[in-house]
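Structure first, commentary second.
Each ligand, and each atom within it, is numbered from 1 in the order the structure gives.
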Amino acid sequence: MANDKQKAYWSEVAGPKWLSLEGAMEARLAPISTAVIAAAALQPGERVLDIGCGAGRTSQEAAQAAGETGYVLGIDIAAPMIEAARAHAGGPKPGIAPLEFALADAQTAHFTPPFDVLISRFGIMFFDDPVAAFANLRASVKPGGRLAFAAWAPLAANPHWQIPLQLVAALTGPGNPGKPHAPGPLAFDDATYVRSLFEAAGWQNIEIRAQTVLLHGASLDDEARIACFMGPAGALLDEKKADAATREAARLAVRQALPGFATPLPDGSLHLPATIHLITASAG
Ligand SMILES: C[S@@+](CC[C@H](N)C(=O)[O-])C[C@H]1O[C@@H](n2cnc3c(N)ncnc32)[C@H](O)[C@@H]1O
């Protein structure tokens, strides 16, 4: 079946790792939800679909923007993420759009009635067949419907990942390069390729903008831990089946390097410069 590998990965490996950080990823990525919601220009009363919603933080923000006459559905392929999203959202709240979550594969699921807007924070880079997925999603919006998605820009523009990856590779050796554009966090790092996918899926007025954002790290220690647990450096340590001593050496090396690319804030937290591709398009 489509996306079986990613479903298993997010349900059994990456999702549980993400959730074990107890909200740290959501806090770290909060500025990107803000950028997506702003690019989507959500209006009160709109029906919004959040793709690859994870633990649902961006869906919650969308529900605020859509107001009580709107509606938001968050979908994810991984059951643990949907369970967490439901638990975090709690019950209905006054002034906020009804918010629901469903276990679904965005590449194949059908949605009626159609949505006004599709949004996603990093939930759209994992499809086996991205053109099929974006064509399927185009069928789930009204005529004139639109989308606003965030994907990671190249590693070279994201030192919070590139530097830990280099430090880990110095300890473990380089990872398997894999196929170009294979499903994964960096699958959409090439804007020309991304444009070709949305064009082939029939979307119009496609814009792909590289936007710099400041991620929010809780502290130098937390960020060093996260950088060696999630993302490319964490994946390389897993690929190499690194032992505890190697993981600790990696964490210490990243902890030492962090002040070189993160800006400390007075409360001990950090700003980490990062770059995303902000993708917008309309269904025509
Ligand atoms: C990097 S996480 C982002 C989660 C969330 N959007 C956030 O920013 O907190 C990617 C999410 O996409 C989901 N995903 C991957 N493939 C999917 C698919 N085919 N359909 C729906 N969700 C998918 C994963 O299960 C995972 O929760």
Does anything in residues 235-249 pair up under side chain to side chain donor-acceptor pair (under 3.5 Å), and if so which pairs, sequence neighbours excluded?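 Found Lys17-Asp238, Asp238-Arg247, Asp243-Thr246, Glu248-Arg251.
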Taking distance alone, no hydrogens or angles, what donor-acceptor pairs closer than 3.5 Å link side-chain atoms of residues 172-192 to residues at least two apart or in another chain?
| residue | atom | partner | partner atom | Å |
| --- | --- | --- | --- | --- |
| Thr172 | OG1 | Val168 | O | 3.2 |
| Asn176 | OD1 | Gly178 | N | 2.9 |
| Asp190 | OD1 | Thr192 | N | 3.0 |
| Asp190 | OD1 | Tyr193 | N | 3.3 |

Is any NZ, NE, NH1 or NH2 atom of the basic residue among Lys7 and Asp105 found under 4.0 Å from an Asp or Glu carboxylate oxygen of the other?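 No, this pair does not count.
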Do Phe126 and Tyr9 have their ring centres less than 6.0 Å from each other?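 No; Tyr9 has its ring centre 6.0 Å or more from that of Phe126.
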Once salt bridge (Lys or Arg N to Asp or Glu O under 4.0 Å) is applied, what residue pairs with a partner in residues 18-38 remain, sequence neighbours excluded? Arg28-Glu223
Amino acids contacting ligand 1, non-hydrogen cut-off under 4.0 Å: Asn3, Trp10, Trp18, Gly52, Cys53, Gly54, Asp76, Ile77, Ala78, Met81, Ala104, Asp105, Ala106, Arg121, Phe122, Gly123, Phe126, Phe127
Would you verify whether the NZ or CZ of Arg86 falls within 45 degrees of the ring axis of Phe101 while also being under 6.0 Å from that six-membered ring's centre? no
